[in-house]
A.B. asks: 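I'd like to ask some things about the structure below.
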Amino acid sequence: MNSLVEMKKVRKTFGAVEVLKDFNLQLQEGERVVIIGPSGSGKSTVLRCINQLEPIQSGCIHFAGEPVTRQTDLCALRMQIGMVFQRFNLFPHKTALENVTEAPMVVKGISRATAEQEALRLLAKVGLSDKTANYPRELSGGQQQRVAIARALAMNPKIMLFDEPTSALDPELVGEVLLTMKELAEDGMTMVVVTHEMSFAREVADRVIFMDQGMIVEQGSPVEVFERPRHERTKAFLKRIHH
Amino acid sequence: MNLDYSIVVNKLPLLLEGCWVTLEISFFSLLLGMVFGTAGALCRLSANPVLNRLAFLYVWIIRGTPVMVQLFILYFGLPQLGIKLSSMTAGVFGLAVNTGAYITEIIRAGIQAVDKGQLEASMSLGMNYRQSMTRIIGPQAAKICIPPLVNQYIMTLKNSSIASLVTITELFRTGEQIIYTTFRSFEVYTVVAVLYLIMNSIFMIAADKLEKGLARR
Ligand SMILES: Nc1ncnc2c1ncn2[C@@H]1O[C@H](COP(=O)(O)OP(=O)(O)O)[C@@H](O)[C@H]1O
Ligand SMILES: [Mg+2]
């Protein structure tokens, strides 16, 4: 089996605060992993370390078999790792279409015509063919998040990271974003999703990871973690989010 | 009270010439000031401690000293060190250095006001710092910077009257020269004031249009 991402003994601190301690994680190609855990447990930090938005203090991270070192071209690395943010972070001065074509054109140097063709295909895929000319502020949260997914996909990444992609949405808009993510999973995309949407985790995840205080407390199939949690902290957390 | 504006009307061509020089000084010092300000802001935000300190010093010194003293050092002070600048060079350069320090702070604040998520989103797509700055952060910061920049442009246009002290015959100095021969202080100064107001108003209206145009996007 090829591991696409491997984090070994990763330590991440912000000043005196140790956010990840001796953190180990392996992701296989095609795997769908859901990370759950209380707020502040380091879930976002794990994702941000994978695409090097955060430098790590010690340990090492491999991507597609290659260690990430000081010599690594971070832009070339990040191109292969799509990221979807809790607050969408769409470019407000660009239309939905321009949001999607921007990086392929600027980073990869793809021609406008080709980039637009691909962007239209992706926007159709996320169900937004009729919104291509709209600016982000003219779109609902759910629509914005789907544009953000299309934008990340436009770079043709090997893996997609989702950091609480539905937490900022009104409840009635959560479904459309989860549906888009399920379709992506069906296409075989490798995905790491930080979410508290248990139904999504049950349906899509190969593996669920429960994190607390910068460490993996337990992991396993959705059934194992949700139905038969072994650790008290997992039980307590699951109890809390079910209420 | 005998006010006679006909004398001033006769001198209007001279005053308009003064306006033109004022616009010239303002334009070039703003252009150069924008270059200094943009460079200053990028240095202020750079991780390089040397550039950062230099930009800090620049802003600190310029903002903490009067613009008139700065111009006098350039025009009357430097010749003592063997550097002789023409009045126009000293005036434009001095105003540019001055306004550049304020513009540094405006642009720095504008860039910092752009949501941090924008840089992260662009970097996560593989853009480098320069690409994120020019394509993503810059345009958004520019929009934020417009109102304070308009303010700064107006200040610079008014400050250009100080250039009269380094013997540039712009609007204010033209007015003074007319007063030497006509002794019509009130009439001349009020007309000079109105001319400044008109120049600034045209600029304010244009800036307002630009701002509204950008807001629609
Ligand atoms: N840029 C930062 N500076 C300082 N502390 C941070 C920063 N980002 C995150 N942290 C801290 O790291 C811990 C983990 O944060 P995060 O990974 O965002 O947790 P989660 O996503 O699980 O809620 C928290 O205690 C948070 O306060
Ligand atoms: Mg988080």
A.B. asks: Side chain, backbone, both or neither: which part of A:Leu53 has an atom under 4.5 Å from a heavy atom of chain B?
C.D. replies: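 Only the side chain of A:Leu53 comes within 4.5 Å of chain B.
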A.B. asks: Any idea which of A:Thr95, A:Val106, A:Leu161, A:Asn51 has the most non-hydrogen atom pairs under 4.5 angstrom with chain B?
C.D. replies: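 Max contact count across the listed options: A:Val106.
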A.B. asks: Give, as side chain, backbone, both or neither, the part of A:Phe85 having an atom under 4.5 angstrom from any heavy atom of chain B.
C.D. replies: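 Interface part for A:Phe85: side chain.
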A.B. asks: When you look at CE of B:Met155, are more than 12 heavy atoms from neighbouring residues, nucleotides or ligands closer to it than 6.0 Å?
C.D. replies: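 Open: at most 12 neighbouring heavy atoms sit under 6.0 Å from CE of B:Met155.
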A.B. asks: If you take all heavy atoms of B:Asp115 and A:Arg87, which pair is closest and at what distance?
C.D. replies: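 Taking B:Asp115 first and A:Arg87 second, the nearest heavy atoms are OD2-NH2, 3.1 Å.
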A.B. asks: Please look at B:Asn128 and chain A and tell me whether the side chain, the backbone, both or neither of the residue comes under 4.5 angstrom of a heavy atom of that chain.
C.D. replies: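 Both backbone and side chain.
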A.B. asks: Count the heavy atoms of every other residue, nucleotide or ligand shown that sit under 6.0 Å from CZ of B:Phe93, and state whether that count exceeds 12.
C.D. replies: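 Not buried by this count: 12 neighbours or fewer within 6.0 Å.
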A.B. asks: Just so I know, are the side chains of A:Arg48 and B:Glu120 near enough to count as touching, which here means a heavy-atom distance under 4.5 Å?
C.D. replies: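 A:Arg48 vs B:Glu120: side chains touch.
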A.B. asks: Looking at side-chain heavy atoms only, is the closest gap between A:Lys94 and B:Arg135 below 4.5 Å?
C.D. replies: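 Of all side-chain heavy-atom pairs linking B:Arg135 with A:Lys94, at least one is under 4.5 Å.
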A.B. asks: Against chain A, label B:Ser122 side chain, backbone, both or neither, depending on which of its atoms sit under 4.5 Å from a heavy atom there.
C.D. replies: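 It is both, since atoms from each part get that close.
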A.B. asks: Nearest 0.5 Å please: distance from the CD1 atom of A:Ile81 over to the CG atom of B:Leu125.
C.D. replies: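 The CD1 atom of A:Ile81 sits 12.0 Å away from the CG atom of B:Leu125.
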A.B. asks: Could you give the distance from CD (A:Glu102) to CE (B:Met127), rounded to the nearest 0.5 Å?
C.D. replies: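 With rounding to 0.5 Å, CD (A:Glu102) is 4.5 Å from CE (B:Met127).
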A.B. asks: Given the options B:Gly126, B:Ala121, B:Pro139, which has more heavy-atom pairs under 4.5 Å with chain A than any of the others?
C.D. replies: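 Among B:Gly126, B:Ala121, B:Pro139, the one with the most close pairs to chain A is B:Gly126.
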A.B. asks: Which answer fits A:Leu90, side chain, backbone, both or neither, if we ask what part of it has an atom under 4.5 Å from a heavy atom of chain B?
C.D. replies: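 Interface part for A:Leu90: backbone (N, CA, C, O).
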A.B. asks: Does atom CE of A:Met189 have more than 12 heavy-atom neighbours, drawn from other residues, nucleotides or ligands, at distances under 6.0 Å?
C.D. replies: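 Enclosed: over 12 neighbouring heavy atoms sit under 6.0 Å from CE of A:Met189.
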A.B. asks: Counting heavy-atom pairs under 4.5 Å with chain A, which one of B:Met123, B:Gln140, B:Gln118, B:Gln131 comes out on top?
C.D. replies: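 Most heavy-atom pairs within the cutoff with chain A belong to B:Gln118.
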A.B. asks: Are there over 12 heavy-atom neighbours, none belonging to A:Gln57, within less than 6.0 Å of that residue's CD?
C.D. replies: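 Counting neighbours around CD of A:Gln57, more than 12 heavy atoms of other residues, nucleotides or ligands fall under 6.0 Å, so yes.
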A.B. asks: Is the number of heavy atoms from other residues, nucleotides or ligands within 6.0 Å of NZ (B:Lys11) greater than 12?
C.D. replies: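 Counting other residues, nucleotides and ligands, NZ of B:Lys11 stays at 12 neighbours or fewer.
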A.B. asks: Drop me the distance from B:Leu119's CG to A:Asn89's CG, to the nearest 0.5 angstrom.
C.D. replies: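 B:Leu119 atom CG to A:Asn89 atom CG measures 10.5 Å (nearest 0.5 Å).
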